[in-house]
Structures are given as C-alpha cells and as structure tokens.
Protein chains: 2
Amino acid sequence: MIKNTEFIDKLRLSGLRPTKQRLKICEVLFNREKTFHFTINDLAKSISEQLNEKISLATVYNTVHAFKDKGYLKEISINSDKSYFDTNISNHHHFFDEDTNQLIDCHEDDIEKINIKRNITGKKIKSVEVLIKVASDNQNQN
Amino acid sequence: MIKNTEFIDKLRLSGLRPTKQRLKICEVLFNREKTFHFTINDLAKSISEQLNEKISLATVYNTVHAFKDKGYLKEISINSDKSYFDTNISNHHHFFDEDTNQLIDCHEDDIEKINIKRNITGKKIKSVEVLIKVASDNQNQN
DNA sequence: AACTACATTATAATTGTTCTAAACTGTTGA
DNA sequence: TCAACAGTTTAGAACAATTATAATGTAGTT
Ligand SMILES: [Mn+2]
Ligand SMILES: [Mn+2]
Ligand SMILES: [Zn+2]
Ligand SMILES: [Zn+2]
C-alpha cells in the first residue's frame, strides 16, 4: 500500500500540483495489487464507489491525460469508440475479451518478441502493439 | 478495371441489392490498383470528388458496414476516435504514420509470424493485429 | 496575507456514429 | 407487365465520448 506522501512527491516531481482530486485518483489507480485496465467511465465509477465527495468528469479526463503525458499511464488501441488506459506502463501486449470487453496483459512468455524487418524512411518506431481479440467459441466473428 | 456487372453479381451473391449507390461505392473502393485505407470521411470525400450526384452519409455508413459484414472490408484498430477500414482483407499488419494519419500495409516479410504461446480458457482467438506507430524522428512520443 | 499560476467545475460545444421514419427502388411472381 | 413487398436511401434527430469554455477555487511563493 503506497503512502500518500509518495504520490505527493511523484506529482510534485512531475510538475503537477498534488491536489485533493489528483491524490484520490492516484489512490484509485495505483494503490492496487494488479494492473488496472480501464475506460474513463470505469475510473469514474471506481472513484464514486470509494469516495463520498465527487470529482468532476472533466477533472477525471484532465488527470488521466496529464498522467498519460507524464508516462504514468498508457493508452491502449482497441477498435471501439472509447479509449482504454493501462496502469502497466511496461512494453507489453494484450488479449481483448470481446464478451466482457476486458483487457488481459500478455506476459513476456506469452508471445514471441516482435521482429520488424522493415523501416519507413525518415520515420522512427514509436510503439509496437499486438492486440489479440478473443471470444467464446460459440461467438460470431468480429 | 473491374466491370460493373461483376460488382452486380458480387452484391447479388451476398444478398445485397445492387443499387446505384452501392455500385458507385464499389467503384470507388475496389476499382483501384492499391489497397485503400480509409475513414468514412475519406470515402465520402472520394465519392463526392468522383460523382455529380451525392450519396447520403448514412448510406456510406450503411454500405461500409454491410461490406464489412460480408467480408469485403476489414476494420482496423487505431487509437483514435475514428474507425479505419481496409480494402485488403488478408491477414496483415500495419504501420501507422502519426504525422499523416496514414496506414501502411505490412507485408509477409516485414514482420515475423506472431507466435502466441498462451490461450485464454474457453476463448477462441478471433484476430491478431500488430500496429506499429511511426513518426518523424523529431516528433514527441505518443 | 496577497498574488499568481495552475486546477477544478458545470456546462456547452464538438465529433463520430447510430437511429428514425418517411420516401424510394429493386425484385418477384401473378 | 406491373402491383406488392421487402430492402434501401435519406435528412435530420439522437446519442455517446470527448474536448472546450470560462468562472471559481486553491496551492505555492513572496
Ligand atoms: Mn468500431
Ligand atoms: Mn466519438
Ligand atoms: Zn496492460
Ligand atoms: Zn491494410
């Protein structure tokens, strides 16, 4: 369990003021055993469940974007009209369960290292993401 | 250059009526040398450029979804708030140029075959997609 | 304490997409 | 051939996710 002062230091070091709202969001995001894959709505729900006072939706968006910009969150590309975020900021890939809309981390051993043999002239690789969509056997494709 | 009657047959075989609008969209989508990666907006623009009479945006959406359902188009997952489609329906991966927002096909030899060594119990793999984001060297990450 | 820049908030605006329901058209078979 | 019907198109409304706005609040500095 991470102490509040650690969050305060981390925020200050990033040039973000440690406000009440940001600290609460830190708790919800980072005070957990396992990786949290979430949409803004998931996060807002987690917040309101664990909190008496409320945080404005705009602040949730602002904070998630600030944390992403500072590298404390990753955004995951899923074919959907909503964004997913990830507290696991290491390079890793995902399974996406189409039945439950849940992301599952791929671990080092789950997938062989991606070896890209071509490069685009004048361009640098910014990220490589593998998304493996899964669903129950008795599910219609796509 | 594909003849109009071929499109008519293809549509009829799929249980889709060969309407004026669908045939025009077929022309724009499939009467080209190279793969077309597009957003609905790109397609609507291409249509209005090549056409005197106009096609309703709702029809463009309807048709693209119908074609996707019939397997004539693929939808590509990009971290963005808009959907991308692909006339290349083979299994393949993509580079995404963040400077221009253009997709580039990965060919067979560009990337080693993805080898997934883990499976999710009770779930079947529906798709495996690799997205390699690229940008100019002097670009800020993500 | 006062100042200032940064942050929060409610709410409006924007954007991509889907829905609706009325008008239209391709197909069928009497 | 043509009426009937199901499928299709359409404009515009509705919707959902996200971003912008601008007023109010607050953390950090002096
Ligand atoms: Mn989609
Ligand atoms: Mn959207
Ligand atoms: Zn993850
Ligand atoms: Zn492609």
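Order of the sequence lines sets the chain letters (A, B, ...), proteins ahead of strands, with each chain counted from 1. What you see is a predicted model; the values in this text were computed from it and never measured.
Within the cation-pi definition used here (under 6.0 Å to the ring centroid, within 45° of the axis), B/K10 qualifies as a partner of B/Y72.
Under the ring-ring contact (aromatic ring centres under 6.0 Å, His included) criterion, B/F7 pairs with no residue at all, not counting sequence neighbours. Partners of A/S48 under the side-chain contact (heavy atoms from CB on, under 4.5 Å) rule, at least two apart in sequence or in another chain, do not exist in this structure.
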Give me, pair by pair, the N or O atoms of the protein and of nucleotides 28-30 of chain C that are less than 3.5 Å apart, along with how far apart they are.
none

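The phosphate of C/dT25 has neither OP1 nor OP2 within less than 4.0 Å of any side-chain N or O from B/Q21.
For the side-chain contact (heavy atoms from CB on, under 4.5 Å) test with B/F85, the passing option among B/I40, B/L103, B/D42, B/I76 is B/I40; the others fail.
More than 12 heavy atoms of other shown residues, nucleotides or ligands fall within 6.0 angstrom of atom CG in A/N31. At most 12 heavy atoms of other shown residues, nucleotides or ligands fall within 6.0 angstrom of atom NZ in B/K3.
Contacts between residues 46-53 of chain A and DNA chain C, defined by a heavy-atom separation under 4.0 Å, are absent.
Rounded to 10 degrees, the angle between the two end axes of the helix from C/dA1-D/dT30 to C/dA30-D/dT1 is 20°, with five pairs used at each end.
In this structure, B/I8 atom CD1 and D/dT8 atom P are separated by 15 Å, rounded to whole Å. Distance, B/N62 CG to C/dT20 P: 13 Å, rounded to whole Å.
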Worked check of salt bridge (charged side-chain N to carboxylate O under 4.0 Å, His left out) between B/K24 and B/E53: CA-CA 10 Å; B/K24 184 66 206 177; B/E53 65 225 283; over 6 Å; no

Just by protein heavy atoms under 4.0 Å, how would nucleotides 13-30 of chain D read 5' to 3' in B, S and -? ----SBB------BBS--

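With ring centers used as reference points, A/F96 lies under 6.0 Å from A/Y84.
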